[in-house]
Amino acid sequence: MTSQVRGVQLARLLGQWHALPGRRRSPDYAALAGAVRGLLADGRLPLGVRLPAERELAEALKISRTTVTAAYRELRESGHLASRRGAGSWTMLPGTHRVASTGLWTPLDDRDMIDLGVAALAAPPELLPAARAAAEDLPRYLGGAGYHPTGIIELREAVARAYTERGLPTSPDQIMVTNGTQHALDLVLRLALAPGGNVLVEAPSYPNALAALAARRARITTHGLAVEEPGWDADLLLGALRQARPKLAYLIPDFQNPTGHLMSAALRERVVATAHAVGTDLVVDESFVDLPLDGTVLPPPTASFDRHSRVITIGGMSKPFWGGLRIGWVRASAPQVQRLAAARVGVDMASPVLDQLVAVHLLADAPAIVAARQAQLTAQRDALLAALAQRLPEWRVTVPHGGVTLWAELDGPISSALARAAEEVGVRLAPGPRFGLDGTLERFLRLPFTLPAADLAEAVGRIAAVRYDLDRGGRSQWREPAVIA
Ligand SMILES: Cc1ncc(COP(=O)(O)O)c(C=O)c1O
């Protein structure tokens, strides 16, 4: 299936492509091709999308058609574009690349890359014993067919208990186990949002959530978050809900990705009340709720202010435990869970029993595992902050008191240019615009602190070096890379 990006849409995504730092010597067509490759590399332009006709893009960018023709030719030569006469040109994965764990493209030989594009930890040591114990449990399930559309009862009980202990009484029939939080979001959107529905999201927000919304062709209204605490502006957020009256709002109140902000109890209560008043369903993503740092006390769960089944909560094992487990869940009313289960059997039937049993064992050991994760994340965050203060003191950061990412405000609108330059020196970055819509957020960069401290310090050193080279423009370390992905 090929979808099409229109000239004006691509122009918006490309933003200030012609004025990116460090391109003084490269001709326009090469800069344009490089900018399109940048969009492909960081996922803002998907695989298999039909690009606008040359004339249409030239008009949208207000440049000559010859420049677009030359840029498309270069993209064809580098393997990023396929064209057929009469059928147009569509984006493709160059043979020298593969799809990486992030879902983004990466060169085949990127094994030494310090990957700051992923905000997730390696597995904890407890994972292997949990997997062995799960294998021991498996015979209990082997007598049945193994399909449990809402999840195995032991895991639903464990997840429900955890909510109850957080002050949100929950029964197992309010839990549906999914293959990760992303899957939970996709299922909820299928249920709660008709194609083309109106949705409110934070800006910045989690890119794969934006991708899931794009797949539903959602019409998106954004609420801009500030870099500094508290992040959300209560009046603006409630005003946006009242004005846009979206069908659904997707929020990450607990250590928001990417900013790390934590929404106050008072605002949670007001958001839930306003959502109910205007008829909006809230999808609350709690991916990072288990990872408060510095002894931060969590406000009550957002759903605890809900009296009308307006809040659907999604969460999972990926951030506190391991992404490779692919276990997440939805917490909703029991009838909503049944409807989700009915929708789910048309997608993937059920989650793997063995993996669910591994999750049960990990959750039983959660306090110890999570405490170790928190200590590790605190040390790594502090190492990252120290490296930034030393090597990039012009950047503005707010210390996140939870989660796994910080959101840096840069000293110029250079995020995409920096990401491309960093790739050249073995650091993968997720530039700011990936977290928003329409090519904005070029002044921002998300930096996760999920890698060991030494890797973080090394990465910041390399980023600082290419940052200063960007300013030297013409002499450019920042040349057109041979392959960008
Ligand atoms: C806010 C948010 N939601 C969902 C996900 C996806 O999580 P999962 O691996 O459980 O699908 C992530 C992962 O980074 C995330 O940050």
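Note: hydrogens, waters and symmetry copies are ignored here, and every other heavy atom, side chains too, is used. Numbering starts at 1 and runs along the sequence shown. Every number for a ligand or one of its atoms is a count from 1 in the order of the listing. For clarity, every value in this text was computed on a predicted model and none was experimentally measured.
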For this session: Select all protein residues for which some heavy-atom-to-ligand 1 distance is less than 4.0 Å, and list them by chain and number.
Result: G180, T181, Q182, Y206, Y250, I252, N257, D285, S287, F288, S318, K319, R326
Tell me yes or no: between the side chains of [X] and [Y], is some donor less than 3.5 Å from an acceptor?
X	Y	result
Q256	W232	no
R446	N257	yes
D294	T296	no

For this session: Using a cut-off of 6.0 Å, state whether more than 12 heavy atoms not belonging to W322 lie near its atom CH2.
Result: no
Exercise. Is the number of heavy atoms from other residues, nucleotides or ligands under 6.0 Å of E228 CD greater than 12?
Worked result: yes
Tabulate below the donor-acceptor pairs under 3.5 Å that side-chain atoms of residues 186-197 make, not counting sequence neighbours, or state none.
{"from": "D186", "atom 1": "OD2", "to": "R190", "atom 2": "NE", "distance (Å)": "2.9"}
{"from": "D186", "atom 1": "OD2", "to": "R190", "atom 2": "NH2", "distance (Å)": "3.1"}

